[in-house]
Protein chains: 2
Amino acid sequence: MGRHREFDPDEALHTALQVFRRRGYEGTSISDLTEAMGITRPSLYAAFGNKEDLFRRTLDLYERQHLCFAHVALQAPTAREAVERLLRGYIDVLTDPLSPPGCLGVNGAVACSEASEPIREELIARRIVNENKLRDRLETARAGGDFPSDEDPADWARYVVSIGLGMAVRAASGASREELQRVVDVAMRSWPTVPR
Amino acid sequence: MGRHREFDPDEALHTALQVFRRRGYEGTSISDLTEAMGITRPSLYAAFGNKEDLFRRTLDLYERQHLCFAHVALQAPTAREAVERLLRGYIDVLTDPLSPPGCLGVNGAVACSEASEPIREELIARRIVNENKLRDRLETARAGGDFPSDEDPADWARYVVSIGLGMAVRAASGASREELQRVVDVAMRSWPTVPR
DNA sequence: CATATACCATACCGATTAGTATGATATACT
DNA sequence: AGTATATCATACTAATCGGTATGGTATATG
């Protein structure tokens with residue numbers, strides 16, 4: 001019943017992701033979006049709700065499509081390898097030549113007006129979820145003797161995520177893959193070994 | 001000749017710094033500023049030019065007043081100590097209870113609309129200046145035998161700045177001093193020693 | 001004291017913001 | 001075929017954006 005939609009919502013969502021990723025949440029206007037997506041304002045609102053809803057859906061898509069490597073990385077045999085795969089994989093996302101540089105989660109709303117505070121908090125919450133996954137991985141590593149028992153998994157998860165955040169800011173500023181690889185090279189040198 | 005200004009420009013600039021630091025460049029409106037500074041729009045424009053001029057002046061004030069510790073830190077006797085003082089001092093800035101958390105240089109414009117691209121580039125440029133100062137310090141350290149000759153000062157400067165950027169994002173998200181201290185604790189463990 | 005001048009207050013500017021009401025158009029179901 | 005309905009295109013809303021014109025007020029100089 002009714003007329004058919006003349007655009008592909010999934011394709012449109014991919015386009016929205018590109019725009020949001022380059023400009024952040026507040027830096028992107030509805031006009032920016034409709035222009036890039038090739039649809040009209042009412043079509044956008046009918047298909048995706050409001051700007052905030054649309055951003056959350058692009059966030060979901062981003063995690064599903066670009067951050068999915070993390071789940072696999074965490075399953076590496078050793079904790080060290082898991083972390084290294086995490087950081088190297090993240091570099092690929094940050095510098096993907098087909099997407100604007102940087103991370104949607106970081107570019108999204110580091111600082112913003114009061115109006116988009118909910119989005120900012122959503123991004124912070126999602127970041128914490130990911131950091132906790134890494135911490136849990138390190139905890140099982142410790143239980144399995146793959147991570148020193150006198151080291152705090154939370155400390156190391158925090159460290160690794162901080163490196164990631166730093167790289168994300170750098171990438172958004174135009175850092176090259178090679179530059180970021182060297183950051184990881186140095187960062188991994190502090191990785192603790194299990195005394196035996 | 002003429003009427004006296006009824007507000008203290010320096011005090012007003014300090015207030016502007018607080019607002020910009022919390023909200024970033026684009027997230028801050030002129031109304032936000034005039035309201036916080038307790039002055040009218042024409043007064044603001046008469047005293048500080050336009051929004052971009054005002055932001056650059058708050059940036060100068062920020063570097064003069066909050067980032068000045070870096071210059072001193074770099075003069076520490078050893079490279080390692082210089083870097084550690086740099087990072088610890090930065091934590092103090094990021095979590096100063098009298099100011100909004102985070103760094104003006106990072107919060108300022110990670111992502112933004114096309115309109116404020118000049119500000120974004122200004123911030124990136126200033127960041128590079130600071131990283132180069134650190135790199136130079138490490139280079140003289142290497143020349144003086146205080147830093148391994150087979151290590152690249154640029155790599156380590158990049159690493160240290162990345163840690164700083166990561167902490168800045170964390171701080172803006174509400175990270176505590178203690179949390180950030182632990183990041184530095186871990187980060188410093190990779191610091192190279194000179195073979196002797 | 002008179003006058004020139006700098007500041008303040010108010011009200012405004014056009015442009016843009018997110019979001020929507022309206023009417024035309026095209027499709028699916030009865 | 002007829003009708004219900006969902007989409008599309010256009011035009012619109014009130015609010016806010018950065019920035020300014022205007023006119024009153026206070027002060028410094030002659």
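In the text below, chain A, chain B and the rest are named by the order of the sequence lines, each starting its count at 1.
- Distance alone, capped at 3.5 Å, places no donor-acceptor pair between the A:Y159 side chain and the B:D185 backbone.
- The aromatic ring centres of B:F147 and B:W191 sit less than 6.0 Å apart.
- Residues from residues 38-46 of chain B lying near DNA chain C, meaning a heavy-atom separation below 4.0 Å, are B:T40, B:P42, B:S43 in numerical order.
- Annotation for B:V19 and B:A36: closest pair CG2-CB, 3.6 Å, computed over non-hydrogen atoms.
- More than 12 heavy atoms of other shown residues, nucleotides or ligands fall within 6.0 angstrom of atom CD in A:Q65.
- Apart from A:V72 itself, the hydrophobic cluster it occupies contains nothing, where clustering links Ile, Leu, Val, Met, Phe, Trp and Tyr at side-chain heavy-atom distances under 4.5 Å.
- For the pair B:K51 and B:Y25, the cation-pi test (distance below 6.0 Å, angle within 45°) is passed.
- No cation-pi contact links B:R57 to B:F55, judged by a cut-off of 6.0 Å to the six-membered ring centre and 45° from its axis.
- The environment of B:E35 atom CD is sparse: at most 12 non-hydrogen atoms of other residues, nucleotides or ligands sit within 6.0 angstrom.
- Of the residues in residues 3-33 of chain B, those with a non-hydrogen atom less than 4.0 angstrom from any atom of DNA chain C are B:R3, B:H4, B:R5, B:E6, B:F7.
- The side-chain tip of A:R88 does not point at the ring of A:Y90 from less than 6.0 angstrom away and within 45° of straight on.
- Between the side chain of B:R170 and the main chain of B:E179, no donor-acceptor pair closer than 3.5 Å is present.
- Where DNA chain C meets chain A (any atom under 4.0 Å from a heavy atom), the bounding nucleotides read 5' to 3' are C:dT17 to C:dA28.
- Around atom CZ of A:R182, no more than 12 heavy atoms belonging to other residues, nucleotides or ligands sit under 6.0 Å away.
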Distance-only donor-acceptor pairs under 3.5 Å for side chains of residues 106-115 of chain B, two or more places apart:
unit_1	atom_1	unit_2	atom_2	d
B:N107	ND2	B:R21	O	3.1
B:S113	OG	B:E26	OE2	2.5
B:S113	OG	B:A115	N	3.4

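- Once you apply a 4.0 Å limit to the heavy atoms of chain A, the touched nucleotides of DNA chain D run 5' to 3' over D:dT5 to D:dT10.
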